[in-house]
Amino acid sequence: MNKKEKFVITINRELGSGGRTVGEILAKSLEVPFYDKAVIKALTEKLHLTIDEIEKLKGKKDNWWTDFQRNVFPFYDSAKLQYYNVNDNTDPELITSAELFRTESKVLTEIAEKESCVIAGRSGFFVLRNHPNHLSILIQAPLENRIQRVMEKQGLERDKVVKDIKKVDKWRENYIKKYTGTSRYDTRNYDLVINMANLSEADAANIILEYIEKTNH
């Protein structure tokens with residue numbers, strides 16, 4: 001990856017691995033925006049944007065990208081986000097339509113075309129696989145580490161956390177398989193895979209930065 005040119009870093013991560021925090025630290029170090037699932041959902045759901053509406057916005061305004069960004073952040077407050085959200089009766093994170101997936105893909109593509117950035121979650125690793133300056137990363141952690149992290153973050157009982165992690169893992173894998181035809185665990189989809197065992201989020205971010213420096217060209 002050449003950080004002197006427009007680039008995009010996508011981070012796929014397991015629930016409880018600390019991958020979202022790694023992405024935030026990395027983006028801050030590189031001085032680029034950080035986008036995650038909440039931002040993409042704000043665009044596609046709260047603002048009810050469709051592919052056609054995105055194209056209309058582009059066609060009507062010379063500064064459409066500024067408006068595009070500005071419209072996201074009134075809905076986005078990372079401090080108020082739940083660490084995760086599991087409902088026993090529904091699948092709020094992953095139940096989606098093919099049209100919504102296409103719209104999300106369009107949003108990710110537009111973001112990557114306009115600016116360097118770090119994108120965490122969703123299917124960015126697949127959608128942006130052909131981007132000319134793309135670094136794809138998978139953040140994993142041993143199950144026990146994930147359990148302890150979620151318990152500490154949410155103050156939940158161990159049994160519930162174990163159940164929810166397994167459920168979210170299944171949801172996310174099914175989502176990726178359904179809409180991309182690949183597995184999120186297939187390491188061939190990534191340039192770099194990091195196991196968070198014995199690593200802090202800052203350690204992982206530094207590993208990525210070192211990798212970027214060594215592969216910078």
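- Distance alone, capped at 3.5 Å, is enough to place a donor-acceptor pair between the Thr180 side chain and the Ile176 backbone.
- Residues in residues 123-142 take part in no salt bridge (Lys or Arg N to Asp or Glu O under 4.0 Å) pair, two or more places apart or across chains.
- Side-chain atoms of Asn206 come within 3.5 Å of backbone atoms of Ala202 as a donor-acceptor pair (strictly under, hydrogens ignored).
- Listed by chain and residue number, Phe125 satisfy the ring-ring contact (aromatic ring centres under 6.0 Å, His included) test with Tyr190 (two or more places apart in sequence, or in another chain).
- Sorted by first then second residue, the salt bridge (Lys or Arg N to Asp or Glu O under 4.0 Å) pairs that include residues 202-214, not counting sequence neighbours, are Lys3-Glu213.
- Taking CG of Asn174 as the start and OH of Tyr179 as the end, the distance is 11.0 Å to the nearest 0.5 Å.
- The pair Lys160-Asp164 meets the salt-bridge criterion, with a side-chain N (NZ, NE, NH1 or NH2) lying under 4.0 Å from an Asp/Glu carboxylate O.
- Considering all non-hydrogen atoms of both residues, Asn145 and Asn198 come closest at ND2-N, 4.4 Å.
- The hydrophobic cluster containing Leu143 does not contain Tyr185, counting ILVMFWY residues as joined when their side-chain heavy atoms lie under 4.5 angstrom apart, directly or transitively.
- Side-chain atoms of Thr182 and Asn189 form a donor-acceptor pair, as typed in the model, at a separation below 3.5 Å.
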* To do: Step by step, work out the side chain to side chain contact (heavy atoms under 4.5 Å, CB included) result for Ile147 and Ile165.
  => CA-CA 8 Å; Ile147 293 169; Ile165 284 177; 4.0 Å; yes

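- Interatomic distance, Glu113 CD to Leu108 CG, rounded to the nearest 0.5 Å: 11.0 Å.
- Under a 3.5 Å cut-off, the side chain of Asn133 and the backbone N or O of Met1 do not form any donor-acceptor pair.
- What you find for Gly23 and Ile11 is that their closest heavy atoms are CA-CD1, 3.5 Å.
- Rounded to the nearest 0.5 Å, atoms OH (Tyr211) and CD1 (Ile9) are 11.0 Å apart.
- Both Val168 and Val150 belong to a single network of hydrophobic side chains, linked directly or stepwise wherever heavy atoms of I, L, V, M, F, W or Y lie under 4.5 Å apart.
- Summarising the geometry, atom CD1 belonging to Ile207 is positioned 12.0 Å from atom CD1 belonging to Ile212; distances are rounded to the nearest 0.5 Å.
- Under the salt bridge (Lys or Arg N to Asp or Glu O under 4.0 Å) criterion, Glu152 pairs with no residue at all, not counting sequence neighbours.
- Hydrophobic clustering places Ile194 together with Leu209 (ILVMFWY residues linked when any side-chain heavy atoms are closer than 4.5 Å, directly or through intermediates).
- The salt bridge (Lys or Arg N to Asp or Glu O under 4.0 Å) search around Asp191 returns none, not counting sequence neighbours.
- Looking at Arg172, its side chain never comes within 3.5 Å of a backbone N or O of Lys167 through a donor-acceptor pair.
- In this view, Arg158 and Glu144 satisfy the side-chain hydrogen bond (donor to acceptor under 3.5 Å, both in side chains) rule, not counting sequence neighbours.
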* Evaluation steps, side chain to side chain contact (heavy atoms under 4.5 Å, CB included), between Lys28 and Glu24 -> CA-CA 6 Å; Lys28 185 175 181 179; Glu24 290 181 318; over 6 Å; no

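- Atom CG of Leu26 sits about 6.0 Å away from atom CD1 of Ile137, to the nearest 0.5 Å.
- In this structure, Lys166 and Val162 have side chains that are in contact, with non-hydrogen atoms separated by less than 4.5 Å.
- Taken together through direct or relayed side-chain contacts under 4.5 Å among Ile, Leu, Val, Met, Phe, Trp and Tyr, Ile111 and Val127 form part of one hydrophobic cluster.
- For Ser116, the side chain to side chain contact (heavy atoms under 4.5 Å, CB included) test picks out Lys6, Phe7, Val32, with sequence neighbours left out.
- Residues forming a salt bridge (Lys or Arg N to Asp or Glu O under 4.0 Å) with Asp186 (at least two apart in sequence, or on another chain): Arg188.
- For Glu201, the side-chain hydrogen bond (donor to acceptor under 3.5 Å, both in side chains) test picks out Arg149, with sequence neighbours left out.
- Shown here for Asn195 and Pro142, the closest heavy-atom pair between the two residues is OD1-CD, 3.4 Å.
- In this structure, the side chains of Leu138 and Arg13 stay at 4.5 Å or more apart for every pair of heavy atoms.
- Under a 3.5 Å cut-off, the side chain of Glu173 and the backbone N or O of Ser183 do not form any donor-acceptor pair.
- A salt bridge does not link Glu110 with Lys114: none of the charged nitrogens is closer than 4.0 Å to a carboxylate oxygen.
- Residues Met196 and Ala204 approach most closely at SD-CB, 3.6 Å, considering heavy atoms.
- Under the salt bridge (Lys or Arg N to Asp or Glu O under 4.0 Å) criterion, Arg146 pairs with Glu14, Asp169, not counting sequence neighbours.
- Here the shortest heavy-atom pairing between Ala112 and Leu128 reads CB-CD2, 3.8 Å.
- A distance of 9.0 Å separates OG in Ser123 from CG in Asn12, rounded to the nearest 0.5 Å.
- Remark: His134 engages Thr10 in a side-chain hydrogen bond (donor to acceptor under 3.5 Å, both in side chains) (not counting sequence neighbours).
- Applying the side-chain hydrogen bond (donor to acceptor under 3.5 Å, both in side chains) criterion to Ser29, with sequence neighbours excluded, gives no partner residue.
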